[in-house]
Amino acid sequence: MDVSLSYFIQQVLTNPALAVTTLLTLGVIFVNGWTDAPNAIATCVTTRCMRVRSAVIMAAIFNFLGVLIMTQLNASVASTISNMVDFGGDTHAALIALCAALFSIVIYSVGASLLGIPTSESHSLIAGLSGAAIAIQGGMEGINIGEWVKVLYGLVASLVIGFGMGWIVCKAVTLLCANLDRRRANGFFTYAQVVGAAAMSFMHGAQDGQKFIGVLFLGMAFCAGQSSVANVIIPLWLMILCSIIMGVGTSVGGERIIKSVGMDMVKLEKYQGFSADLSSALCLLVMTVLGIPVSTTHTKTSAIMGVGAVRRLSAINFAVVRDMMLTWVFTFPGCGMISFVMAKLFMLVF
């Protein structure tokens, strides 16, 4: 399989399905950088450790580095996404179905936002790919259960481990700093939280960037007549392209999301913000190394809830928990069904 940039450009210019798939994938990466990446710096901004613009620029840079560096070191998340579904041996139909899956993600995300239903691009991607694979294969044989189980593990683990690590790290910081001068401690945690936010941005890029790299790589394989990307190395130019797009998306802002995550859920002090950033970054690192795709937003919010629980459970805004549950309830069947219908329609039309 030729994975050179020149060959890819040639195929995009001559194959409309690949062109649409590429544009949709890059568009979703941009939106992900715009809407999800601000979660990584929310606590850093709302505890007044950094100004919004400086934090956004930092997040853009570390998102870029996260996609680029971690994909080279360990591309197992991208591999999981690429291998979790089977579109069958007809690679032309598979490419059309993949395009339909991405198109359904856009439709679902726009519709859900208009109706006020919380969404997750990670969950939408997984549901969209699964719905399209079932449509083209005519049944559940389109789903690779072994890889899909990792998604189910990730759903539970990101919440449990994120909450648990948030509580443990914050409790440890509280005990270690109990006798320190408050002003000196705040000075230390101001800088420590900047480092924590940078680490969280790095891991956001590593997780979410790899998910969409896997999709675009799958489209390239279908265009080349291959039904699988097993044992094919992801090219460096693809990592750089996705890194840049996510970084640009992050750089356009996201102040409303910063306020929602960093202020509306739990009122945080500097040491708590540091605890949330460190624990969620560690959780994402473990999941990335294990090749388990998870929602970075849910990991961060569960870590914040764990931090808030150290003080008291009533400090947590459980409306956010409800929204996360609604995301799961609506996104998987909702986006999956739209993708199934769109894939059937696209195969009839094209």
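The figures that follow rest on heavy atoms only: side chains count, while hydrogens, waters and symmetry mates do not. We're numbering straight along the sequence, starting at 1.
Remark: the backbone N or O of Ser158 is paired with a side-chain donor or acceptor of Ser302 at under 3.5 angstrom. A side-chain donor-acceptor contact under 3.5 Å links Thr80 to the backbone of Gly291. Between the side chain of Gln210 and the main chain of Asn74, a donor-acceptor pair closer than 3.5 Å is present. Formation of a donor-acceptor pair under 3.5 Å by the Tyr108 side chain with backbone atoms of Thr331 is found in this model. Side-chain atoms of Trp237 come within 3.5 Å of backbone atoms of Val3 as a donor-acceptor pair (strictly under, hydrogens ignored). Using a distance-only test at 3.5 Å, with no hydrogens or angles considered, no donor-acceptor pair links the side chain of Thr288 to the main chain of Gln207. The closest donor-acceptor contact from the side chain of Lys270 to the backbone of Tyr191 lies at 3.5 Å or more, if one exists at all. Judged by distance alone, with hydrogens and angles left aside, the side-chain atoms of Gln11 form no donor-acceptor pair with the main-chain N or O of Met220 at under 3.5 Å. Checking side-chain atoms of Lys171 against main-chain N and O of Val310 turns up no donor-acceptor pair under 3.5 Å. Distance alone, capped at 3.5 Å, places no donor-acceptor pair between the Ser339 side chain and the Cys335 backbone.
Annotation for Phe189: atom CZ counts as buried by contact number, over 12 foreign heavy atoms lying within 6.0 Å. Within 6.0 Å of CG on Asn179 lie no more than 12 heavy atoms contributed by other residues, nucleotides or ligands. For CZ of Phe30, the number of neighbouring non-hydrogen atoms (other residues, nucleotides, ligands) closer than 6.0 Å is greater than 12. Within 6.0 Å of the CE atom in Met347, the count of heavy atoms belonging to other residues, nucleotides or ligands exceeds 12.
Remark: Cys283 SG to Ile161 CD1 distance equals 5.0 Å, nearest 0.5 Å. Taking CD of Glu269 as the reference point, atom CG of Asn186 lies at 7.0 Å (rounded to 0.5 Å). The OG1 atom of Thr21 sits 9.5 Å away from the CD1 atom of Ile96 when rounded to the nearest 0.5 Å. Considering CG of Leu241 and CE of Met246, their distance stands at 11.5 Å, rounded to 0.5 Å. For the atom pair Ile69 CD1 and Phe64 CZ, the distance stands at 9.0 Å (nearest 0.5 Å). Residue Leu236 holds its CG atom at 5.0 Å from CD of Gln72, rounded to the nearest 0.5 Å.
Clustering ILVMFWY residues whenever any of their side-chain heavy atoms sit less than 4.5 angstrom apart, transitively, puts Met140 in the very cluster that holds Met84. Leu26 and Tyr7 fall into different hydrophobic clusters, where Ile, Leu, Val, Met, Phe, Trp and Tyr residues are linked whenever their side-chain heavy atoms come under 4.5 Å apart, directly or through other members. Both Ile81 and Leu73 are members of a single hydrophobic cluster when ILVMFWY side chains are connected at heavy-atom separations under 4.5 Å. If you chain together hydrophobic residues whose side chains sit under 4.5 Å apart, Ile168 and Met287 never meet in one group. A continuous path of hydrophobic side-chain contacts links Ile136 to Val349 [ILVMFWY only; heavy atoms under 4.5 Å].
When every heavy atom of Cys99 is checked against every heavy atom of Phe346, the shortest pair comes out as SG-CE2, 4.1 Å. In terms of heavy-atom proximity, Ser104 sits nearest to Met342 at CB-CG, 4.3 Å. Across every non-hydrogen atom of Ser76 and Leu290, the tightest pair is OG-C, 4.2 Å. Scanning all heavy atoms of the two residues, the minimum distance from Ala133 to Asp86 falls at CB-O, 4.1 Å. Nearest approach of Cys170 to Gln272, heavy atoms of both residues: SG-CG, 4.2 Å. Here the closest non-hydrogen pair linking Gly205 and Val67 is O-CG2, 3.1 Å.
The closest side-chain heavy-atom distance from Lys300 to His204 is not below 4.5 Å. Using a 4.5 Å cut-off on side-chain heavy atoms (C-beta onward), Asn144 and Val85 make no contact. Side-chain contact between Ser130 and Trp148 is present, with at least one heavy-atom pair separated by less than 4.5 Å. Under the 4.5 Å side-chain criterion, counting only non-hydrogen atoms from C-beta, Gln226 is not in contact with Thr91. Between Phe8 and Thr22 there is a side-chain heavy-atom pair separated by less than 4.5 Å. Contact of the Phe332 side chain with the Leu155 side chain is registered, since non-hydrogen atoms from C-beta on lie closer than 4.5 Å. Looking at heavy atoms from C-beta onward, Met58 lies in side-chain contact with Val194 at the 4.5 angstrom threshold.
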Could you go step by step and tell me if Leu125 and Leu129 meet the side-chain contact (heavy atoms from CB on, under 4.5 Å) rule? CA-CA 6 Å; Leu125 173 64; Leu129 290 175; 4.1 Å; yes
Go through Asn15 and Leu95 one step at a time and tell me if the side-chain contact (heavy atoms from CB on, under 4.5 Å) criterion holds. CA-CA 10 Å; Asn15 191 319; Leu95 186 58; 3.9 Å; yes
Go through it in stages, so that I can follow the logic: the residues are Leu65 and Met70, the test is side-chain contact (heavy atoms from CB on, under 4.5 Å), and I'd like the CA-CA distance, side-chain angles, deciding distance and then a yes or no. CA-CA 8 Å; Leu65 294 174; Met70 282 301 294; over 6 Å; no
